[in-house]
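Here is the naming used below: chain letters follow the sequence lines, and residue numbers restart at 1 for every chain.
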Amino acid sequence: MVLQKNARDIEFKKQQIWTVVSAIPYGCVASYGQIATMAGLPNYARFVGSCLKNLPKDTLLPWHRIINSQGKISFPLDSARFFRQKELLEKEHVLVSNGRVSLKKYQWNV
DNA sequence: CCCCTGACATCAA
DNA sequence: TTTGATGCCAGGG
């Protein structure tokens, strides 16, 4: 993929990321870097985060299934965002203890 | 144009 | 295993 730097391509990249994120199955988790790579955008892990941060509160995207490369939630343990993500994960039977998720990453069939 | 920041990743020590 | 330095990319000042 040709990586240019104009607004149109940025939008395209966001769509790629959203597509991949929405494809994460129920009860599974993936890392930012993995999402970026699967979207055809290696090294865009950071960009994945910046895309998710301004999602509407009622978004349908399963953003809570995205964690960092250490298998942990990327929020301070005492933050409201952290609890929201943890709650959504546990609703899918994914346990979270001390920020760590009870699942291995990359755990679904593509 | 430079510098800093951020829901990150990777590697060396 | 944990920590600090580097690399990464887009945005904002």
Counting primed atoms, P, OP1 and OP2 as sugar-phosphate and everything else as base, the B/S/- map of nucleotides 6-13 of chain B against protein heavy atoms under 4.0 Å is BBBS----
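In this structure, CG of A/N98 is placed 14 Å from P of C/dT1, rounded to the nearest angstrom. The distance from atom CZ of A/R8 to atom C1' of C/dA10 is 17 Å, rounded to the nearest whole Å.
Taking CZ from A/F12 and CD1 from A/I17, the interatomic distance works out to 11.0 Å, rounded to the nearest 0.5 Å. Of the inter-residue distances, the one linking A/L52 atom CG with A/W63 atom CH2 reads 9.0 Å to the nearest 0.5 angstrom. Rounded to the nearest 0.5 angstrom, A/I66 CD1 and A/C51 SG are separated by 10.0 Å.
Pairs of residues two or more places apart, or lying in two chains, never qualify as side-chain hydrogen bond (donor to acceptor under 3.5 Å, both in side chains) while including a residue from residues 75-90 of chain A. For residues 49-61 of chain A, no pair satisfies side-chain hydrogen bond (donor to acceptor under 3.5 Å, both in side chains), with sequence neighbours left out.
Comparing C/dG12 with B/dC1, their C1' atoms are spaced 14 Å from each other, to the whole Å. Separating the P atom of B/dA7 from that of C/dT2 is a span of 23 Å, rounded to the nearest Å.
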Take A/K14 and A/E11 through the salt bridge (Lys or Arg N to Asp or Glu O under 4.0 Å) test and state the conclusion after the steps.
CA-CA 5 Å; A/K14 285 183 182 175; A/E11 279 310 307; 3.5 Å; yes
